[in-house]
Amino acid sequence: MANRSTKPRSLHWLREEARAARRRHRAAVTVNVEDAIFARLVEAEELLIVAIGLFTELAEDEANWLFSHQADIGDARWALRSAIDDRATVREVSR
């Protein structure tokens, strides 16, 4: 092996291996970040579902400032659901 590492071809091979290792590491980090973002999207959607459900508790007090945001909160929930469904579709297609 010591002999082989001094040949130009071997140095090229070592550089290529190092590049491949860096690419694999970057890909792993990207997947982990994507998974973290996806987990937060799911959590956010769950919280918005709870918030939407709690609007029934405010039904007696329609003057509450939150009622003006009810539609926006519902829209945000559906936007999150769409992003979650899109990821599931992408994963299904790539299989």
Side-chain angles (χ1 to χ4, degrees):
M1 179 76 181
N3 245 355
R4 204 176 146 193
S5 64
T6 59
K7 296 179 182 178
R9 195 173 338 151
S10 297
L11 292 175
H12 177 72
W13 178 78
L14 288 171
R15 278 191 225 108
E16 288 302 315
E17 282 298 312
R19 282 188 197 118
R22 282 193 300 273
R23 281 193 298 269
R24 284 190 301 271
H25 176 71
R26 282 188 203 127
V29 169
T30 302
V31 170
N32 291 337
V33 169
E34 181 183 321
D35 289 343
I37 291 169
F38 182 74
R40 296 310 167 271
L41 289 175
V42 171
E43 289 173 9
E45 187 205 13
E46 290 169 353
L47 290 172
L48 287 173
I49 290 170
V50 170
I52 290 168
L54 289 173
F55 274 105
T56 59
E57 297 293 323
L58 290 176
E60 297 172 7
D61 184 14
E62 290 188 15
N64 189 297
W65 66 274
L66 282 171
F67 271 104
S68 64
H69 298 287
Q70 185 176 9
D72 294 334
I73 292 170
D75 291 345
R77 189 263 166 162
W78 288 112
L80 287 171
R81 171 67 6 214
S82 176
I84 292 166
D85 290 343
D86 284 352
R87 184 177 193 233
T89 302
V90 167
R91 288 200 173 225
E92 192 64 33
V93 167
S94 65
R95 285 185 182 175

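Throughout, residue positions are numbered sequentially from 1 according to the sequence presented.
- Using a distance-only test at 3.5 Å, with no hydrogens or angles considered, a donor-acceptor pair links the side chain of T89 to the main chain of D85.
- To the nearest 0.5 angstrom, E43 atom CD is 11.5 Å from L80 atom CG.
- Distance CG/L41 to OG/S82: 11.0 Å, rounded to 0.5 Å.
- To the nearest 0.5 Å, atom CZ of residue R15 and atom CD of residue E17 are 13.0 Å apart.
- R40 CZ to E45 CD: the interatomic distance, rounded to the nearest 0.5 Å, is 15.0 Å.
- A single hydrophobic cluster is not seen to contain both F55 and V50; linkage of ILVMFWY side chains at heavy-atom distances under 4.5 Å, directly or through other members, places them apart.
- In this structure, CG on L47 lies 11.5 Å from CD1 on I73, to the nearest 0.5 angstrom.
- Separation of atoms CD1 (I49) and CZ (R81) is listed at 7.0 Å; rounding is to 0.5 Å.
- Considering only heavy atoms from C-beta on, R87 comes within 4.5 Å of D35 through its side chain.
- Nearest heavy-atom pair across L58 and L66 is CD1-CD1, 3.9 Å.
- Tracing side-chain contacts under 4.5 Å through hydrophobic residues (I, L, V, M, F, W, Y), one never reaches W78 starting from I52; they form parts of separate clusters.
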